[in-house]
There are 2 protein chains.
Amino acid sequence: MHQVLIAEDESDISELVSFNLQRESIGTMWAKDGVEAVEMAQKELPNLIILDLMLPRRDGFQVFKELRLDARTKDIPVMMLTAKAQLEDVITGLELGADDYLTKPFSPKEMVLRVKALLKRSAPTPTASVITRGKFQLDKNTLTCFVDGRKIDLTPTEFKLLLLLIEREGQPQNRGDILREVWGYRDTTQSRTLDTHMKRLRTKIGNSSSCIVTIRGIGYQFRNIA
Amino acid sequence: MHQVLIAEDESDISELVSFNLQRESIGTMWAKDGVEAVEMAQKELPNLIILDLMLPRRDGFQVFKELRLDARTKDIPVMMLTAKAQLEDVITGLELGADDYLTKPFSPKEMVLRVKALLKRSAPTPTASVITRGKFQLDKNTLTCFVDGRKIDLTPTEFKLLLLLIEREGQPQNRGDILREVWGYRDTTQSRTLDTHMKRLRTKIGNSSSCIVTIRGIGYQFRNIA
DNA sequence: CGTAAACGTGACGATTTTGACACAATCTCA
DNA sequence: TGAGATTGTGTCAAAATCGTCACGTTTACG
């Protein structure tokens with residue numbers, strides 16, 4: 001279950017937000033001022049922070065800057081709240097790197113949906129070494145690959161190639177980027193290396209190679225076809 | 001360079017958006033109606049789509065649904081545009097899964113900043129594939145190893161061996177377990193393979209190999225000696 | 001339809017990786 | 001101290017990996 005930190009001094013707003021999020025099975029915690037917000041964020045490491053700009057003891061911008069300077073909290077998405085028609089605040093917040101912005105008064109429904117969109121986009125990547133996508137299971141620690149429970153012997157380069165595509169499932173990867181990231185190439189215009197390795201990889205994974213789709217003129221994409 | 005598809009029938013809005021994005025080194029392409037928007041998205045696979053809801057030939061909602069049904073385009077972030085004060089449209093769009101929402105008339109600066117936030121958020125999050133322990137930094141995705149900021153060329157087997165020890169920093173790993181986990185051996189009693197690879201690994205990492213400690217009769221241990 | 005570009009494929013040779021082996025060095029225990 | 005066990009070391013050859021090349025096939029466009 002996701003946890004959202006609500007940094008807001010007005011309790012009625014805080015309760016409104018909290019109520020609506022909890023109704024969507026999103027856990028909440030409350031910080032009444034800027035100092036408490038920083039402390040709570042650093043201690044609890046929530047999945048998202050809703051940050052009012054007008055906080056006692058330390059304003060929202062300052063809180064935001066501090067969170068971004070701390071390695072533990074710098075990647076937590078932040079949605080800023082401010083009073084209506086403060087466009088300069090919106091600009092400043094977004095320039096600082098806030099992930100979204102909501103002006104009071106806001107529709108609770110809109111707030112919930114925006115929170116969900118943020119949570120969805122920033123879902124933390126599991127730190128485990130095993131990645132599973134449909135029929136594919138790869139273990140980064142042992143460089144082993146299983147498809148439909150069957151072990152596939154991949155060379156290290158083949159493994160890296162497949163891993164890259166699988167971790168970016170759904171997103172087409174252009175050839176140049178693949179060559180750079182798997183091979184470390186600087187100049188990628190002339191190489192046919194990728195083609196050769198792709199053929200080898202497809203041969204090894206057999207029928208399931210239909211999950212690796214060529215996008216002509218661009219590159220390749222992994223699709224989890226059931 | 002990122003590419004943004006602007007699906008908008010009003011040319012002055014389209015030009016305003018395009019101009020401001022290009023000023024931020026963000027490439028743009030323009031679709032004047034809903035059909036063209038779908039075609040262009042499927043063909044060009046932009047990094048983000050700005051989608052007006054009032055499009056000729058196929059409205060924005062319909063376009064959005066089609067894009068989400070296509071494996072190639074379903075993960076492209078979408079920012080919806082609509083006329084002022086249409087809260088129902090906002091809710092519908094966000095419920096459908098739009099990533100952001102902007103109401104006309106909008107500040108060009110806000111639009112740019114929101115586009116940037118979306119592009120940043122939807123960039124593949126750096127996977128937790130990098131492990132750092134003292135002077136050592138290993139990237140599981142690329143099988144690269146840096147010691148004191150210096151790249152060390154390791155074979156895949158050497159990498160696996162070092163990774164195992166580093167991930168279990170402080171805990172002595174017995175020979176049999178290492179042979180089983182790195183080499184997949186079932187019977188480990190007679191092998192000198194580990195010794196050979198350990199010597200090679202130590203040679204490559206030079207002075208810092210003092211971090212790999214032999215525990216006679218047991219195996220090896222990684223100690224983070226500063 | 002024809003053509004050029006992009007990608008697939010098979011084959012080859014160079015390079016790298018790997019494990020085994022024999023000898024050397026070190027450690028532990030009686 | 002001596003002996004046996006364990007680990008370090010250098011070398012060798014087989015196997016694996018890799019990238020290139022040329023030809024084949026497919027795709028997209030005029």
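These numbers were taken from a predicted model, which means no experiment stands behind them. Naming: A, B, ... by sequence-line order, numbering from 1 per chain.
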Considering just the side-chain nitrogens and oxygens of [X], establish if one lies under 4.0 Å of OP1 or OP2 belonging to [N].
| X | N | answer |
| --- | --- | --- |
| B:Thr155 | C:dT18 | yes |
| A:Tyr220 | C:dG8 | yes |
| B:Thr214 | D:dT6 | no |
| A:Arg175 | C:dC7 | yes |
| A:Thr193 | D:dT20 | yes |
| A:Thr157 | D:dC18 | yes |

**Prompt:** Considering only side-chain heavy atoms of B:Trp183, which listed nucleotide, D:dT7, C:dG19, C:dG8, is closest?
**Reply:**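 Closest of the options to the side chain of B:Trp183: C:dG19.
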**Prompt:** What nucleotide, of D:dT20, D:dG19, D:dG8, holds the atom closest to the side chain of A:His197?
**Reply:**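 It is D:dG19.
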Does atom [atom1] ([X]) have a neighbourhood of more than 12 heavy atoms from anything else shown, all under 6.0 Å?
| X | atom1 | value |
| --- | --- | --- |
| B:Asp12 | CG | yes |
| B:Met29 | CE | yes |
| A:Arg150 | CZ | no |

**Asked** Pick the nucleotide of DNA chain D nearest each of A:Arg216 and A:Leu154; which residue has the one closer to the 5' end?
**Response** A:Leu154
Is there a donor N/O on one and an acceptor N/O on the other, under 3.5 Å, for the side chain of [X] and the base of [N]?
| X | N | result |
| --- | --- | --- |
| A:Arg200 | D:dG19 | yes |
| B:Thr196 | C:dT18 | no |
| A:Arg192 | D:dT20 | no |

**Message:** Using whole Å, what does the distance between atom C1' of nucleotide D:dG24 and atom NZ of A:Lys199 come to?
**Reply:** 13 Å
**Item:** A:Leu143 CG - D:dT17 P separation (whole Å)
**Value:**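 Result: 11 Å.
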**Request:** Using a strict 4.0 Å threshold on nitrogen-to-oxygen distance, state whether B:Asp9 and B:Lys32 make a salt bridge.
**Result:** no
